[in-house]
Colleague: 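Mind having a look at this structure? Questions to follow.
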Amino acid sequence: MRYPWFRLAVFLAIALWPVYWLYQAWIFALGPDPGKVLVDRLGLGALILLLITLAMSPLQRVTAWAGWVVVRRQLGLWCFAYVALHLVAYLFFVLGLAWAQLGVELSKRPYIIVGAVAFLILLVLAITSNRYSQRRLGARWKTLHKLAYGVLGLGLLHFLWIVRADLKEWAIYAAVGGVLLLLRVPAISRRLPRRKNKRAFSSNKA
Ligand code: HEM
């Protein structure tokens with residue numbers, strides 16, 4: 001396994017946030033509505049993780065360090081885990097498991113439908129993120145996983161619908177997402193400064 005310490009550091013850094021937030025809720029450090037704070041933090045955490053996941057390939061191209069793409073799958077799965085926890089926290093703390101209220105909630109907060117579509121796409125991406133699916137789907141796998149950008153668009157729309165008037169924070173995430181999307185355009189991606197991977201270079205010369 002390559003870069004085991006980097007993988008472990010990424011794993012711990014991301015796994016410990018929800019544990020810390022639960023601890024804060026436990027010691028009453030999250031204010032009068034801790035459930036709502038947990039929902040928000042997990043939602044924002046998921047969006048940030050999605051942006052970080054999508055930044056891994058451009059980072060690898062610019063720095064020639066293979067470690068970035070080694071943790072890409074882990075990051076994507078963590079994004080899915082955060083969204084799943086965000087959904088569970090919403091069902092427990094906001095909906096209070098009052099299923100009869102779900103219809104009213106969806107008409108009152110249509111942004112939940114947008115979030116749910118993004119969640120379902122992420123579920124498909126998480127299920128097909130393994131090597132077996134990669135082999136079975138062949139070239140279609142790459143096309144399918146480009147849907148991560150669709151998830152980003154839906155996540156940003158979901159967030160925009162919530163913040164509405166106060167656009168400052170939203171605009172920062174949207175700008176980062178926009179830059180990452182632009183970096184996928186072949187004409188722009190070709191112009192990125194690239195550092196040569198020394199190992200690949202020396203093995204080519206040999
Ligand atoms: C079934 C799926 C989802 C449900 C039920 C859901 C529900 C919610 C709810 C109830 C809120 C709080 C709204 C408020 O403050 O009044 C919220 C906030 C948020 N959600 Fe979701 N969401 C879902 C999926 C997603 C996904 C896929 C993403 C991103 C990838 C996401 C990112 C966010 C963000 C960034 C916020 C705002 C956090 C903040 O205000 O700091 N959500 N969501």
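First listed ligand is number 1; within each ligand, the first listed atom is number 1. It should be emphasised that the depicted structure is a prediction, and the values quoted were computed from it without experimental measurement.
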Colleague: When rounded to the nearest 0.5 angstrom, what is the spacing between CZ in Phe159 and CG in Leu44?
Modeller: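 With rounding to 0.5 Å, CZ (Phe159) is 5.0 Å from CG (Leu44).
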Colleague: Of Asp40, Leu91, Ile112, which has the heavy atom at the shortest distance from atom 39 (C) of ligand 1?
Modeller: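 Of the listed residues, Asp40 has the closest heavy atom.
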Colleague: What atoms in ligand 1 come closer than 4.0 Å to a heavy atom of Gly43?
Modeller: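 Counting atoms of ligand 1 from 1, those under 4.0 Å from Gly43 are 20 (N), 32 (C), 33 (C), 34 (C), 35 (C).
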Colleague: For the pair Phe80 and Phe119, name the ring-plane relationship: parallel under 30°, tilted 30 to 60°, perpendicular over 60°.
Modeller: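 Phe80 vs Phe119 ring planes: parallel.
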Colleague: Mark yes or no for whether Arg191, through its side chain, and Ala187, through its backbone, hold a donor-acceptor pair below 3.5 Å.
Modeller: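 Checking the backbone N and O of Ala187 against the side chain of Arg191, a donor-acceptor pair under 3.5 Å is found.
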Colleague: Using a distance-only test with no angle check, is there a side-chain donor-acceptor pair under 3.5 angstrom linking His145 and Ser129?
Modeller: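 No, because no side-chain N or O of His145 sits under 3.5 Å from a partner of the opposite role on Ser129.
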Colleague: Quick one: does Tyr173 get within less than 4.0 Å of ligand 1, heavy atoms only?
Modeller: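 The answer is no, since Tyr173 has no heavy atom less than 4.0 Å from ligand 1.
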Colleague: Are the side chains of Leu75 and Ile14 in touch, meaning some heavy atoms are under 4.5 Å apart?
Modeller: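 Of all side-chain heavy-atom pairs linking Ile14 with Leu75, at least one is under 4.5 Å.
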Colleague: For atom 36 (C) of ligand 1, which of Ile162, Val163, Ile113, Leu49 has the closest heavy atom?
Modeller: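 Closest candidate by heavy-atom distance is Ile162.
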Colleague: Within less than 4.0 angstrom of ligand 1, does Lys36 place any heavy atom?
Modeller: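 The answer is yes: ligand 1 sits under 4.0 Å from a heavy atom of Lys36.
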Colleague: Check whether any side-chain N or O of Arg7 sits under 3.5 Å from a backbone N or O of Gln74 as a donor-acceptor pair, and report yes or no.
Modeller: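 Judged by distance alone, no pair lies under 3.5 Å.
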Colleague: Assess Val94 for proximity to ligand 1: is some non-hydrogen atom of it under 4.0 Å away?
Modeller: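 No heavy atom of Val94 comes that close to ligand 1.
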Colleague: What's the shortest distance from atom 8 (C) of ligand 1 to any protein heavy atom, and which residue and atom give it?
Modeller: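 Protein heavy atom at minimum distance: His86 NE2, 3.4 Å.
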Colleague: For Ser189 and Val185, indicate whether the former's side chain and the latter's backbone hold a donor-acceptor pair under 3.5 Å.
Modeller: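 Absent.
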Colleague: Pull out every atom of ligand 1 sitting under 4.0 Å from any heavy atom of Ala116, numbered as shown with elements.
Modeller: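 Listed by number with element, the hits are 1 (C), 2 (C).
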Colleague: Nearest protein heavy atom to atom 31 (C) of ligand 1, by residue and atom, and its distance?
Modeller: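 Going atom by atom, the protein heavy atom closest to atom 31 (C) of ligand 1 ends up being His158 CD2, 3.4 Å.
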Colleague: For atom 27 (C) of ligand 1, tell me which residue out of Ala46, Gly45, Ala89, Ala118 has the closest non-hydrogen atom.
Modeller: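 Ranked by closest heavy atom to atom 27 (C) of ligand 1, first place is Ala118.
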Colleague: So if I count the atoms of ligand 1 from 1 in the order they appear, which ones are less than 4.0 Å from some heavy atom of Val83?
Modeller: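 The list of qualifying atoms is 27 (C).
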Colleague: Check the pair Ser57 / Arg72 against side chain to side chain donor-acceptor pair (under 3.5 Å), numbers first and verdict last.
Modeller: CA-CA 8 Å; Ser57 298; Arg72 192 175 45 187; 2.6 Å; yes
Colleague: Can you tell me which residue and heavy atom of the protein come closest to atom 13 (C) of ligand 1, and the distance to 0.1 Å?
Modeller: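 Minimum-distance protein heavy atom for atom 13 (C) of ligand 1 reads Tyr111 OH, 3.3 Å.
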Colleague: Among all protein heavy atoms, pick out the one at the shortest distance from atom 9 (C) of ligand 1; state its residue, atom name and that distance to 0.1 Å.
Modeller: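 It is Val39 CG1, 3.9 Å.
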Colleague: Do you know which two heavy atoms are closest between Leu54 and Ala148, and how far apart they sit?
Modeller: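 Where Leu54 meets Ala148 most closely, the heavy atoms are CD2-CB, 3.9 Å.
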Colleague: For ligand 1, which atoms sit closer than 4.0 Å to a heavy atom of Leu87?
Modeller: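 Counting atoms of ligand 1 from 1, those under 4.0 Å from Leu87 are 1 (C), 5 (C).
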Colleague: To the nearest 0.1 Å, how far is atom 29 (C) of ligand 1 from its closest protein heavy atom, and which atom is that?
Modeller: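 Closest protein heavy atom to atom 29 (C) of ligand 1: Gly155 CA, 4.0 Å.
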Colleague: Which protein non-hydrogen atom lies closest to atom 3 (C) of ligand 1, naming both residue and atom, and how far is it?
Modeller: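 Heavy-atom neighbour on the protein nearest atom 3 (C) of ligand 1: Gly115 C, 3.9 Å.
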Colleague: Could you please spell out the steps behind the side chain to side chain donor-acceptor pair (under 3.5 Å) verdict for Trp141 and Ser133?
Modeller: CA-CA 8 Å; Trp141 189 89; Ser133 305; 5.6 Å; no
Colleague: Got an N/O contact under 3.5 Å between Tyr90 and ligand 1?
Modeller: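 Among all N and O atoms of Tyr90, none is under 3.5 Å from an N or O of ligand 1.
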Colleague: Count I, L, V, M, F, W, Y as connected when their side-chain heavy atoms are under 4.5 Å apart, and connections chain through other members. Are Val19 and Leu30 then in the same cluster?
Modeller: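 No, no single cluster joins them.
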